[in-house]
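Notes for the one structure printed next.
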Amino acid sequence: MARSPQWHHLVLLLLLSLCVLLLYCHSNASLPASLAASRNPIPDGPRLLPDPRPPPAAGAPNFALLIKVLAFNRLDSLSRCLRSLAAADYLSDTVHLHVYIDHFGNGSGDAGSSLDAARRILDFVDGFEWGFGEKRVHYRTANAGLQAQWLEAWWPSSDDEFAFIVEDDLEVSPLFYKFVKSVIWNFYYNATNFSPMIYGVTLQRPRFVPGKHGNKLQVDGRSQVFLYQLVGTWGQILFPKHWKEFRRWYDYHKAKGIKPILEGMVTTGWYRRLGEKIWTPWFIKFIHDRGYFNIYTNFLQERALSVSHRDTGVNYGKTAGPDSHLLNEVPHDFNLLKMQPLSNLKWYDFCFREVLRGRVVRNFNDLGVVLDTVQINETIVFVSLFGLQEIIVRNMLCHFERLNIRNYILMGPTSNLLFDLARRGHPVIDADQFLDSVGANKLKRPQNSSPELIKNVMTSTYAIKKCLELKYNAWVVDANMLFPNGGMLQALTDSTFDLYAVKSLALIFVRSSSAVRKLWLDNFVHAIEAGDSLWDKLSISRENSNFADIAASFLESKRVRVKRIDDRSLGVNIGTSSVERASPGLENKVLYWSPDAALDIIRKRLEELKMWTLDGDDSCSAVVCHQS
Ligand SMILES: *[C@@H]1O[C@H](CO)[C@@H](O)[C@H](O)[C@H]1NC(C)=O
Ligand SMILES: *[C@@H]1O[C@H](CO)[C@@H](O)[C@H](O)[C@H]1NC(C)=O
Ligand SMILES: *[C@@H]1O[C@H](CO)[C@@H](O)[C@H](O)[C@H]1NC(C)=O
């Protein structure tokens, strides 16, 4: 009477295909979530994709904001802080107040006066009335310090619990809660405006750029709310999932003795000076690793919903006073509670450079728009990711960041990596969908050729087609190449030749001359589509060829001025030989290696050359800002 196993298989198959269908349909609408849906939980150490879970149910029946006040020995500050919190409008919601009072240290001189100060703080907090929910006081037995005060203030009890962490020298606006609730309603509970990349909202005024020596931040007056990677400790509200993820990441790195060093950041200087007294360098490193963002307000005239009085303490040797104006009354020049759709907001990185997220080309016609945003000097660098390890691709991109190479677009098969790169602001071509859009996936593949090679060749051919239509020059490079001095990837201005190809390397420069344009658009694309006959005519190896070789051979056969460069004069294969960092002319060469080369050898060679740019989590080890 048991159902036959075949029946089970059928149901399973049906379910499976339904899943695939759903994933596929969904992936057209929004990107990373769909593909990542089946991924394992985020590991505590090395980075992977963000938590793809959709936002909690709308209506938010269990929404709660906890206020966590971190106090020490500053009675005047604390009383100002608590008074301002008590004066806020909580819309008849229940809001609990938790006060964490740190203990004085044993090195703090006269025990009598320390005890006295502690008693006065405790008496004050005991007498303080909180009418909006529970008031809970946590009085420590030993000095925990600011880092532990922050990190231990909260372990979320649900995905609907948020925390507002308030250092005692803050003062908040009576409007703060109404604003925070509107923000959370709009950017967390409304699925249209939800992003798993947003970790919180800060009420402090945006002030500085950590990747540019802490320079003052300039933001235009157009948007009242924007996204910025930097944490804003003077009024930070934290989202539960990201906070838990951070705590576990911190544990992992602490336990392994890994320090939160992120070169190029002013906050790393703080860490070198203050060490474990502060927590922000840890959080900043984590955010950089995961590529998360914080919601900031931009109310102009230095107005903010929370200000720090910057009283004497860990952060300030002597009282500095507030540097913003508290927005105490409903402003007349803008609507504080009116929220924008997420798609209207701008995203900024640690250099305060705008991050253009989600540039995924899935369609031949859409490519033009992205090429326009990417080109510099009418030249575009197409980077082929086919068959290459993720870590190699990430190293190359960090290298590009250092050299300020920005006119690139990545081409690769549909993958989590591709979507992770796109949401971090790298433009990508999803080769599978891109080829579908031109019908190329239906073409017959030349016999004995690897599917990967053909996909690579086809994608490059069509990408350059669009490029030439727009009269841009193109480089095509592989991600297993590095250009010590990015200068090589500028447009070749010597127009003696229309096409430069490096022998045996998948490296080519295609000039947008009228001859090349005509041949590419009229002949080459068709020849590629024809498959076998082209390969036979050009007698190109089906196993050992690459796109550069095919394009160069074809155009040569049509009498285009092609320059074949000897790879020995230009390239250095670091997979087979080690290279001195000081060897002459190295900066103008191409370093390359076979995709089959052992990764640990490549990594060692690149480390010797100071071109390994990743940290232990495979994130860029530095933030490098350039003039924009
Ligand atoms: C405080 O006292 C404890 C126990 O006497 C000791 O282990 C610790 O090192 C002292 N800390 C400081 C900062 O002096
Ligand atoms: C969710 O956000 C969208 C876009 O901003 C908006 O049109 C819609 O009204 C919002 N839904 C709710 C329930 O507020
Ligand atoms: C663009 O061209 C100008 C002038 O030829 C040159 O100075 C500059 O370096 C080029 N920029 C890039 C990124 O190639």
Side-chain angles (χ1 to χ4, degrees), residues 22-23 25-34 36-37 50-65 88-95 156 158-164 173 175-203 206 219-229 232 237-242 291-300 304-305 327 330-331 333-348 354-360 362 366 369 419 422-423 425:
L22 276 174
L23 279 179
C25 295
H26 189 68
S27 76
N28 287 328
S30 80
L31 266 171
S34 58
D51 186 341
R53 273 176 293 176
N62 303 317
F63 164 77
L65 181 75
D89 180 353
Y90 292 100
L91 301 163
S92 341
D93 290 355
T94 299
V95 178
S158 82
D159 288 350
D160 294 299
E161 187 183 284
F162 298 77
F164 180 26
S173 154
L175 304 168
F176 97 85
Y177 183 79
K178 283 159 90 172
F179 177 78
V180 168
K181 197 172 171 186
S182 305
V183 167
I184 291 177
W185 242 245
N186 188 58
F187 294 109
Y188 193 82
Y189 287 114
N190 183 337
T192 319
N193 296 320
F194 173 82
S195 163
M197 308 317 294
I198 299 177
Y199 67 81
V201 46
T202 184
L203 302 179
V219 51
D220 68 38
R222 272 171 305 187
S223 69
Q224 216 172 284
V225 168
F226 63 90
L227 296 145
Y228 184 24
Q229 292 203 270
I237 287 100
L238 298 159
F239 290 1
K241 287 187 233 173
H242 297 79
Y292 290 157
F293 290 83
N294 200 10
I295 297 174
Y296 269 80
T297 61
N298 172 33
F299 297 150
L300 303 179
L305 290 165
L327 191 64
V330 177
D333 51 339
F334 65 92
N335 183 344
L336 183 67
L337 303 183
K338 185 171 181 303
M339 293 292 141
Q340 296 280 320
L342 182 67
S343 53
N344 285 4
L345 305 194
K346 292 192 168 184
W347 305 66
Y348 296 94
E354 189 175 353
V355 179
L356 300 173
R357 302 170 76 254
R359 284 179 295 172
V360 181
R362 297 189 198 87
D366 294 347
V369 181
F419 295 142
R423 71 170 180 74

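Each residue takes its place number in the sequence, starting with 1. Below, all heavy atoms of this structure are taken into account, side chains as well, without hydrogens, waters or symmetry copies. Atoms within each ligand, like the ligands themselves, are counted from 1 in listed order.
For atom 4 (C) of ligand 2, a protein non-hydrogen atom is found at a distance below 4.0 Å.
Screening residues 175-189 for salt bridge (charged side-chain N to carboxylate O under 4.0 Å, His left out), with sequence neighbours left out, gives Asp89-Lys178, Asp93-Lys181.
The residue from Asn344, Asn190, Leu342, Asn193 that puts a heavy atom closest to atom 8 (C) of ligand 2 is Asn190.
Distance alone, capped at 3.5 Å, is enough to place a donor-acceptor pair between the His242 side chain and the Pro196 backbone. No donor-acceptor pair under 3.5 Å is formed between the side chain of Asn294 and the backbone N or O of Gln229.
Less than 4.0 angstrom separates some heavy atom of Pro341 from each of these atoms of ligand 2: 5 (O).
Within the model, atoms CH2 of Trp185 and CZ of Phe63 stand 5.5 Å from one another, a figure rounded to the nearest 0.5 Å.
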